[in-house]
Amino acid sequence: MHAIEVRQFRRSDRDQLTDLVNAHTAAVIPGMTVSVATVLSSLDQQPGEFIEDPWVSERATLVAEQANRVVAAAHLLRHYPDERAGPSARDVGDISWFIYWPEAPQGNPFWPDATQAAESLMTACLGQLDRWQVSRQTAGGELPAPGVYGVPAQWPHISALYARSGFSHTGHTEIVYLARVQDLPRPASPPIEGISVARAVGINGTRLSAVLGDAVIGYLEIETMDTGERVSRHGGWADVGNLHVLPEFTRRGVGSWLLGQAAEWLELCGVDRLLDYAWLAGTDGTGQGYDADRAFLGKAGFRELTRTRRGWERQPGADQP
């Protein structure tokens, strides 16, 4: 049995940690990787999360080392207990992500099984949450990569560990969709006479608006992901930030037409893959349901990539594994 050391993350761990992050990322999103710089930056802050990131009062990154190798890692967040944090996160201690190498080749003495190391690391994580004395303990898998959040179906070792550690899935399940840009619909003609497209800056990427006369009857926002250090494999990725059509113009082809306009724009950007997301069931915090969205995505060339369970929670003070 190789000795296991659970300790604080050190900068010298950065390459092994990035390998661990990318192994879990690639199992969910094909060909997606993140750079060492992206991983290191995400441990300090999430500037893209300008609403929720300021709610965090303290961060901690722990690793488990076994046989001179980082075999498990976790990133923890403590949120302010007062009005400095939003109501949903107030006084919450969160295992933002927890990852470990799930299996070892049988009979290989130089590649020990990491399960015990992961258990030891989880014990340390729960101890940290207890020391923070937060009123709620939550967990997820929000890696610094597009489309990777919650606990995806491709991580059964993580969901099993969470369950053994007293976490229950109390939230919802989301479907992550992927489409090749070349498969997006290209309507031969506009769905409504006189409709035109206008391009502008949106709150979640470039906004393509469907304009009829002086009215914007729908819009689609597309955010490309290959800028800066966000991804290190520039395969040409984007995701749908927003898609909205006025109720009186739904089921008239406006959404499909906007996707066609976006496809042409994305091809000019060198983007060939597009992500989108929808809840599997129920309604979100705004009361929005996703039945129509799922039906639309299926007809528009998107395929289901994964299902991910969001909202894992544990009772503070519960017995540790």
**Student:** Is there any ring pair (Phe, Tyr, Trp, His ring centres under 6.0 Å) pair reaching into residues 53-72, and which pairs are they, with sequence neighbours excluded?
**Tutor:**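 For residues 53-72: none.
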
**Student:** Run the ring-ring contact (aromatic ring centres under 6.0 Å, His included) test against Phe167 and tell me which residues pass, sequence neighbours left out.
**Tutor:**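 Applying ring-ring contact (aromatic ring centres under 6.0 Å, His included) to Phe167 gives Tyr162.
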
**Student:** So, using side chain to side chain donor-acceptor pair (under 3.5 Å) as the criterion, who are the partners of Asp214 when residues are at least two apart?
**Tutor:**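 Not a single residue meets the side chain to side chain donor-acceptor pair (under 3.5 Å) criterion with Asp214.
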
**Student:** List in chain and number order the residues that pass ring-ring contact (aromatic ring centres under 6.0 Å, His included) with Phe249, two or more places apart in sequence or in another chain; answer none if no residue qualifies.
**Tutor:**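 Residues passing ring-ring contact (aromatic ring centres under 6.0 Å, His included) with Phe249: none at all.
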
**Student:** Could you name each residue pair satisfying salt bridge (Lys or Arg N to Asp or Glu O under 4.0 Å) that touches residues 42-55, not counting sequence neighbours?
**Tutor:**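 Checked against salt bridge (Lys or Arg N to Asp or Glu O under 4.0 Å) - neighbours excluded - the pairs reaching residues 42-55 are Asp53-Arg59.
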
**Student:** Give every donor-acceptor pair under 3.5 Å between a side-chain atom in residues 252-268 and any protein atom, sequence neighbours left out.
**Tutor:**
unit_1: Glu267; atom_1: OE2; unit_2: Arg186; atom_2: NH2; d: 2.8

**Student:** Can you name the residues that form a side chain to side chain donor-acceptor pair (under 3.5 Å) with Thr286, not counting sequence neighbours?
**Tutor:**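 If we apply the side chain to side chain donor-acceptor pair (under 3.5 Å) test to Thr286, skipping adjacent residues, the hits are Asp284.
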
**Student:** Tell me, please, which residues at least two apart from Ile203 pass side-chain contact (heavy atoms from CB on, under 4.5 Å).
**Tutor:**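 By the side-chain contact (heavy atoms from CB on, under 4.5 Å) rule, Ile203 matches Glu221, Asn242.
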
**Student:** Sequence neighbours left out, what passes salt bridge (charged side-chain N to carboxylate O under 4.0 Å, His left out) with Asp291? Give chain and number order.
**Tutor:**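 Asp291: salt bridge (charged side-chain N to carboxylate O under 4.0 Å, His left out) contacts with Arg294.
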
**Student:** Tell me which pairs pass salt bridge (Lys or Arg N to Asp or Glu O under 4.0 Å) where either residue lies in residues 133-148, with sequence neighbours left out.
**Tutor:**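 Sorted result for residues 133-148: Arg136-Glu313, Glu142-Arg310.
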
**Student:** Taking side-chain contact (heavy atoms from CB on, under 4.5 Å) as the definition, give me every residue that meets it alongside Arg251, ordered by chain and number, with sequence neighbours left out.
**Tutor:**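 Partners of Arg251 under the side-chain contact (heavy atoms from CB on, under 4.5 Å) test: none.
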
**Student:** Can you sort out the partners of His157 under ring-ring contact (aromatic ring centres under 6.0 Å, His included), two or more places apart, ordered by chain and number?
**Tutor:**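 Testing His157 for ring-ring contact (aromatic ring centres under 6.0 Å, His included), a comparison that skips the adjacent residues, returns His24, Tyr100.
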
